[in-house]
Amino acid sequence: MGKGFFISKTVGIVGIVLGAGAVATIIALSVVYSQEKSRNKEVEVKPTEATTTTTTIPPTTSASNEPWDKFRLPDTLIPVSYDVTLWPRLKPNAEGLYVFTGHSSVEFECVKETDLILIHANKLNLSADATLSTLNGSPAPSITSTRTISKTQYLVFHLSDKLNSGERYKLHTEFRGELSDDLGGFYRSEYYVNGVKHVVATTQMQPTDARKAFPCFDEPAMKASFNITLLHERGTVALSNGQEIESVEIKEGDEILNKTRFEPTRRMSTYLLAFIVSDFKAIGKMEDDVLIRIFARAEAIDAGHGEYALNITGKILKFFEKYYNASYPLSKSDQVALPDFNAGAMENWGLITYRETALLYDSDVSSNGNKERVATIISHELAHMWFGNLVTIKWWNDLWLNEGFASYVEYLGADDAEPDWNVKDLIVLNDIHRVFAVDALASSHPLSSKEDQVLRPEQISEVFDAISYSKGASVLRMLSDFLTETVFVEGLSSYLNHFQFENTVYTDLWDHLQKAVDRTGTKLPGKISEIMDRWVLQMGFPVVTINTVNGTLTQKHFLLDPDSVVEPSLFAYEWIVPIQWMKGGAKQNIYWMETKTAQNTEMKMVGSDWLVANLNVSGYYRVNYDMENWNKLLHLLQTAHESIPMINRAQIIDDAFNLARARIIPTTLALNTTLYLSSERAYMPWESALDNLDYFYLMFDRTEIYGSLQAYTRKQVEPLFLYFKTLTDNFMKVPDGHTDQYNEVNALRVACSSGVEECNTLVKNWFDKWMNDSKLNPIHPNLRSTVYCRAIATGGAREWDFAWSRFNNATIAIEADKLRAAMACSTTPWILNRYLKYTLDPSKIRKQDATSTIIYVANNVVGQPLAWDFIRANWEYIYREYGGGSFSFANLINGVTKRFSTEFELKQLEQFRKDNEHIGFGSGSMAIEQSIERTKANIKWLEQNKEEVQKWLEAAIK
């Protein structure tokens, strides 16, 4: 699945509005990378046909040991193939419900004798008695009773006799469900054209919602082939994973329908199934033997918004065929832009689904960051066609392998499609630096856990977090780097070809990489498993301290709060660390640190030489130095900063600020790394500095230090603002470089928000000009998020209402997203309260956008207490409507509480946890603990640093 609750670069730069004339900060891109997937409250669907005798069993106690009380299927039956026919109604029935009906036959093999059939089903009502038959024609045991188990989401069929081991059977069911708007399973998406509502029936099965569409063995290891048939209204298009092989008109009652049948799928997991009925339009072309199509609303396709995706999909597919040394396993690649979709995208095999903002691109309204997002998410999903779909994890505890891998190679695929962007470097900011912040908490968790720790649907949803995506990407990038890409790809290709259409655990990849290492004679300090299990099976990462006076190295588990108590680790928080390093500007051979303390005399520095370790941040660790080397690096930044590679300039800043937060080095040393920024023009160091100064704003935007922080920021950014003003003819031209365009936005945003008067005048004039002639927007797409936010922050109801009207009239999702984020920048409490209430009304704010809108408001210093009050007052409703399994819940809790830094706020947070234990926090359970831990660390940090920071800022301003 793509990075779901994804705040694009363009929207991300809107950031925090810190009161009147306050600074906006960067919203973290780590969606993590926590994902979004809402659930609506359960509505009972009353079948109109005769129903089977079905009993709903209340939740059992934990002491119960019946098969149906366990969240994992028993090992008695294995599915072989399904025949599924579904008929979604795109118009409401007499009760106002949208429903679907269907029937399914699953062929399965009995591998152990049993008199029970357990199959997943959730929110489905059987509309006729189920039947069981054998494939050899002999009599099958009869079904004596049927019941549903709501807790474990099973249909349980009790049989008159045992099924025979080695024999195949077929279970036929007929059922009915609601085509609700809960964004999970088989659900309903809606959009309007000229006031007329159009309904789309679509799917999101991952991780545990195929069972909401039809009864199935809904676990990733239960692979089977699927024969899908869809009944749909004339004038609509039906899609599924396979190619359409037949479409005929049939009569069902009084209705004339199309019956569309699709070719059988390859052997695959249930979570990769997809089917869609819509009135969408498509563009397409053949790439070699593969049909590539882009589907979207007709208006978007006619406007050419699918062209960019169509043009790069073929390039990226060819790149991955070469990278994996394996042909694309299907005959088509359909990609569909959905108006309502909570994840960023979903890698359904042959039928990938996206948010509109992740697939559609319009040069008139889409920014440089929007274009990058389209390229990287397409690359992420296409990477899954092999890694995840062709070869699939056995269970969700190894999700990191699927998502971490796709999150790493998405940069490789996008780089091949857009080589001028140099996008591969951005993994350092977007993934490594972002996930360091989570993985430095005592409440973090290892990449891979035991299977029995990830059982319930909400536990599974919780695994879709920054650790799985971004840490997974970071450690796999490190592995590829020290093996070399040639060896890494050789082992990867062997793994994919050996396990195609099967399931694996992560150690299977280690085995095939080890074979490649052995074949090529690559020198390593141990087996792949010995090195990598330390990064996979224990949480966190090390800080490596290098003493350049005597050449001593030490490593220690890095914790933002060094007083934290962590659970014991299998490897005692010791890692085998690959150190790429540079001495006085010359790159050195890799050094392997295998113990907690080591000696490398080559790292002794003499004279004016300086040392930088972790070149290009290829390793997943932080670096500290002795004070002598720190001073050399600070001097070099001030006098010849380009002597240090650009990525490492960003790294030095990020490491220093986080080492200071962990009380390893003085906070003033970290602040000293920003003194040279008035001479810096590159994006990555600036972005790293702004991300870290963001923490200072969070801690000080409600204190007397705020004014000094503003003055210092203004002093450092003004030269960058003037540089881009000259380069772009007063911001009328677009810089040539991809990241230069990002840094132009940084310059404008930070200059305006820190009080550069010329900047604010410029922005106000642009927005006023647009309000005076709403048909002609004079603001370049790259700059719109910043301009919209700034104008709304410094304006009032008139500016907000104008943005709201533009939002409601926006026909392009990415423009609507920019306005939606910017409206949270208002500094008027009643406006923000009204906006928060809108998130409870799907006719105003789509369900997919509700939680992110609340977070946008919370990022605003004025809106943060309002958002906190809002989620406390409405938690039960939010939990019910947007679901305990929603991937966005961790983001919501972290986003609303990240500014907390007082004992009073800590008590409120602990009380919130206590008050809502009976309701639950779903996939946000871990986020509650992380927020409490982070708040405690913030309190300590403020006590220890407030006075020192004030003195430093006053001196730096002078």
Side-chain angles (χ1 to χ4, degrees), residues 3 6-15 24-34 367-373 375-377 379-380 404 407-412 414-415 418 421-440 466-467 469-478 481 541 612 614-623 644-658 670 673-674 677 680-695 720 737-747 749-750 782 785:
K3 300 169 183 177
F6 184 101
I7 300 175
S8 71
K9 176 60 60 181
T10 318
V11 173
I13 58 174
V14 171
T25 65
I26 296 170
I27 299 172
L29 295 175
S30 60
V31 69
V32 243
Y33 293 64
S34 299
S367 70
N368 185 46
N370 301 143
K371 191 174 187 179
E372 183 194 307
R373 185 191 179 198
T376 53
I377 291 191
S379 181
H380 181 106
S407 296
Y408 164 47
V409 300
E410 72 180 48
Y411 291 95
L412 309 187
D415 181 68
E418 296 284 4
W421 288 357
N422 204 24
V423 73
K424 286 192 286 188
D425 291 346
L426 297 182
I427 191 175
V428 174
L429 295 172
N430 296 347
D431 288 277
I432 300 173
H433 285 177
R434 307 293 184 193
V435 75
F436 271 164
V438 177
D439 209 18
I467 298 294
Y469 282 74
S470 294
K471 182 176 181 177
S474 303
V475 298
L476 289 170
R477 174 176 174 263
M478 175 175 68
D481 183 79
F541 57 91
V612 168
N614 201 8
L615 284 184
N616 296 320
V617 194
S618 58
Y620 187 70
Y621 58 94
R622 292 199 181 279
V623 184
I644 302 172
M646 179 191 63
I647 295 178
N648 288 98
R649 300 202 297 274
Q651 172 222 11
I652 286 168
I653 294 168
D654 194 67
D655 279 353
F657 273 92
N658 284 277
T673 65
T674 69
L677 285 175
E680 179 66 87
R681 300 293 175 262
Y683 166 70
M684 290 187 69
W686 260 107
E687 183 75 358
S688 179
L690 293 172
D691 278 346
N692 283 287
L693 287 173
D694 176 32
Y695 180 72
L720 188 70
H738 183 68
T739 55
D740 287 340
Q741 292 181 46
Y742 287 160
N743 220 26
E744 176 199 24
V745 176
N746 276 341
R749 175 182 63 82
V750 180
N782 283 357
S785 290

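Since the model is a prediction, treat every value here as computed from it, not as a measurement.
Looking only at atom types and distance, the side chain of H433 has no donor-acceptor partner in the side chain of D691 under 3.5 Å away. Under 3.5 Å, the side chains of N782 and E744 contain no donor-acceptor pair of N or O atoms. For D425 and Y411, the side-chain atoms include no donor-acceptor pair closer than 3.5 Å.
With N658 contributing its side chain and D654 its backbone, the two residues share a donor-acceptor pair below 3.5 Å. Using modelled atom types, no side-chain atom of N616 and backbone atom of I647 make a donor-acceptor pair closer than 3.5 Å.
Side-chain contact check for L690 versus R749: some heavy-atom pair is nearer than 4.5 Å. When side chains are defined from C-beta on, N422 does not count as touching H738, because their heavy atoms never get closer than 4.5 Å. Annotation: side chain of T739 is in contact with side chain of L426 (closest heavy-atom distance under 4.5 Å). Using a 4.5 Å heavy-atom threshold, the side chains of Q651 and V428 count as separate. Using a 4.5 Å heavy-atom cutoff, the side chains of H380 and S407 are in contact. In this structure, R477 and I432 have side chains that are in contact, with non-hydrogen atoms separated by less than 4.5 Å. By the 4.5 Å heavy-atom criterion applied to side chains, Y621 and N614 are counted as neighbours.
Aromatic ring orientation, Y742 versus Y683: tilted (interplanar angle from 30° to 60°).
Atom CE of M478 and atom OG of S618 lie 8.5 Å apart (nearest 0.5 Å). Rounding to the nearest 0.5 Å gives a distance of 11.0 Å between CG of L615 and CD1 of I644. Between atom OG of residue S688 and atom CG of residue L429 there is a gap of 6.5 Å, rounded to the nearest 0.5 Å.
When each of K471, R434, R622 is tested with D439 by the rule salt bridge (charged side-chain N to carboxylate O under 4.0 Å, His left out), just one qualifies, namely K471. The one candidate from L677, T674, I653 that meets the side chain to side chain contact (heavy atoms under 4.5 Å, CB included) condition with W686 is L677.
Two rings, from F541 and Y620, have their centers less than 6.0 Å apart.
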